[in-house]
Amino acid sequence: MAEYSLKTPLEEKDVRKLVAGDKVSLSGIVYTARDAAHKRLVELLEQGKELPMSLEGQIIYYVGPAPTPPGKAIGSAGPTTSYRMDPYTPALIENGLKGMIGKGERNEKVVDAMKEHGAVYFAATGGAAALISKRITGAEVIAYEDLGAEAIRELTVEDFPVIVAQDSSGGNIYTEGQKKYRK
Amino acid sequence: MKEIDAAKITKEVARLCMEANFELGEDVLKAIEEGFEKEESPVGKEILRQLLENAEIAKTERMPICQDTGLTVIFLELGQDVRIMGGDLETAINEGVRKGYTEGYLRKSVLGDPLERVNTGDNTPAVIHTKIVPGDVFRMYVVPKGGGSENMSRVAMLKPADGVDGVKEFVIESVRTASANPCPPVVVGVGVGGTFEQCAINSKRALLREIGSEHPNPFYSELEKELLVKVNELGVGPQGLGGIVTALAVFIEAAPCHIASLPVALNLNCHAARHKMVEL
């Protein structure tokens, strides 16, 4: 298992070298979106309209942060379960999305899109939300403010720790890791 | 007759919503520490270390342990000799949720309608389970329940012939298929017997037990221990990335049931197994 520091936006060559199980430290901009925002993004794509942000080389973090307390950049902000975004993800990958951060396994259609277009799925530690918030230095709502916690935010992250959960050649840390410790 | 002021209930609900979200119970912390000691997977060990560090930050800085600060579930034991003064019980509880989630900067995760999907903006309403009991007790558990673990819940109406083996298979298979989604290491709540709805409520009520506590019935106590071993042999591990610490505890609540039935339900708590209790 290798360790990498990557800056966003990601290039396809960055993504293709990552293998399930690698530790990655991310810095730069990542966008937040979860169920409701994904639905709206895909509706825009279906209508041929422009998205609120370019997806080219970008990473989406599946998170609905807690409200920001006074004096902090953001409230607690750990990952939500990713499979709920599976129905929407292939369309976003086809439009340039290179990375996703969440928790839990993705389905075959997402994996197929990741393989075809060169995208990677990272896992962050679910429930380590206060700890993770320390690696987020800026947060600004850029779309869908009416969705509250589910609004799309542009986050600035520094050394945000993630693990490559599913890679662009079909590698999967969930199946591989669990098999190793099954008795 | 004991009189309790509705405003007092509001104040306690608000306080417990915040406390439950900021401070992990001592029993849970101890169980994660023990898991950290015995976890064989290096990745799993690192995750458990992060969870302990996270709990410390959350407590010190009064930040939520998890950004999913839950839908507020209330388990209330209300003595029939108690009278609520100066307002009604349900309003008092919801007012407390509103206050706690606003003042504590907790996430509002409740939608007014499941299909319209518009946020109520204050995390109300709570789901309230009230049991009327003799005497003048007022015992209230405040349980913020996260969506990720709740989504992995299951109910099955087994055949009586399936017996204890059927129950075991249901529990183990449910934890296996839930995999990483409920944020393991989990606490497993199992309701057995009763009716369709009662076994589901019992599976959630089971999660209120302190980790390390023994089931009063030796048969169920043994069954809990056996299931904990079997669930941990699945290899799911912390965050589902592989390891030997998949669950911190298995708790069973059994209830009398119909001669034709063997209902069983499973409700999971993530490692942020949040619940606080107050007696008024």
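The chains referred to below are lettered A, B, ... by the order of the sequence lines, with proteins before strands, and numbering in each begins at 1. Heavy-atom basis, side chains included; hydrogens, waters and symmetry copies ignored.
- Between chain A and the residues B:A58, B:C270, B:S41, the largest count of heavy-atom pairs under 4.5 Å involves B:S41.
- In this structure, chain A has no heavy atom under 4.5 Å from any part of B:E56.
- When every heavy atom of A:Y174 is checked against every heavy atom of B:G240, the shortest pair comes out as CD2-O, 3.2 Å.
- Atom-to-atom distance recorded for A:Y181:OH and B:N232:CG is 14.0 Å, nearest 0.5 angstrom.
- Within the 4.5 angstrom heavy-atom criterion, atoms from both the backbone and the side chain of B:Q50 approach chain A.
- The environment of CD in B:E169 is sparse: at most 12 heavy-atom neighbours from other residues, nucleotides or ligands sit within 6.0 Å.
- Most heavy-atom pairs under 4.5 Å with chain A: of the set B:C183, B:G146, B:G235, this distinction falls to B:G235.
- At least one donor-acceptor pair closer than 3.5 Å links the side chain of B:R107 to the backbone N or O of A:G64.
- Other residues, nucleotides and ligands contribute only 12 or fewer heavy atoms inside 6.0 Å of the CZ atom of B:R62.
- Of the listed residues (B:V236, B:I47, B:L51), the greatest number of heavy-atom pairs within a distance under 4.5 Å of chain A belongs to B:V236.
- Contact annotation for B:V43: only side-chain heavy atoms (C-beta onward) come within less than 4.5 Å of a heavy atom of chain A.
- When heavy atoms are compared at a cutoff of 4.5 Å, B:L241 approaches chain A by way of both its backbone and its side chain.
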Under the side chain to side chain donor-acceptor pair (under 3.5 Å) criterion, do B:S179 and A:E105 qualify, and how do the steps go? CA-CA 8 Å; B:S179 187; A:E105 217 171 330; 4.7 Å; no
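- Remark: side-chain polar atoms of A:T81 are not paired, donor with acceptor, to backbone N or O of B:G148 under 3.5 angstrom.
- Counting only distance, with no hydrogens or angles, the side chain of A:K183 and the backbone of B:L234 share no donor-acceptor pair below 3.5 Å.
- Heavy atoms closer than 4.5 Å to chain B are found in the side chain of A:K134, but not in its backbone.
- Contacts with chain B were tallied for A:P69, A:G21, A:G148, A:A165; A:P69 has the most, counting heavy-atom pairs under 4.5 Å.
- Ranked by heavy-atom pairs under 4.5 Å with chain A, the first of B:P182, B:C66, B:P238, B:A55 is B:C66.
- Among the candidates A:A36, A:P70, A:A149, A:P79, the residue making the largest number of heavy-atom pairs closer than 4.5 Å to chain B is A:P70.
- Counting heavy-atom neighbours within 6.0 Å of A:Q47 CD, excluding the residue itself, gives a total above 12.
- More than 12 heavy atoms of other residues, nucleotides or ligands shown are found within 6.0 angstrom of CE on B:M277.
- Rounding to the nearest 0.5 angstrom, the gap separating the CG atom in B:N181 from the OG atom in A:S82 is 8.0 Å.
- Atom CD of B:Q239 is separated from atom CD1 of A:I163 by 8.5 Å, given to the nearest 0.5 angstrom.
- With chain B as partner, the option from A:R84, A:K72, A:K179 having the largest number of non-hydrogen pairs under 4.5 angstrom is A:K72.
- Rounded to the nearest 0.5 angstrom, A:K180 NZ and B:E40 CD are separated by 10.5 Å.
- With chain A as partner, the option from B:A272, B:G237, B:G243 having the largest number of non-hydrogen pairs under 4.5 angstrom is B:G243.
- Looking at A:S133, the atoms closer than 4.5 Å to chain B (heavy atoms on both sides) all sit in the side chain, from C-beta outward.
- For the atom pair CD of A:E150 and CZ of B:R117, the computed distance is 8.0 Å after rounding to the nearest 0.5 Å.
- Annotation for A:K39: atom NZ does not count as buried by contact number, only 12 or fewer foreign heavy atoms lying within 6.0 Å.
- No more than 12 heavy atoms of other residues, nucleotides or ligands shown are found within 6.0 angstrom of CD on A:E158.
- Near-neighbour residues of residues 115-131 of chain A relative to chain B, defined by a heavy atom under 4.5 Å from a heavy atom of that chain, comprise A:A124, A:T125, A:G126, A:G127, A:A128, A:A129, A:A130, A:L131.
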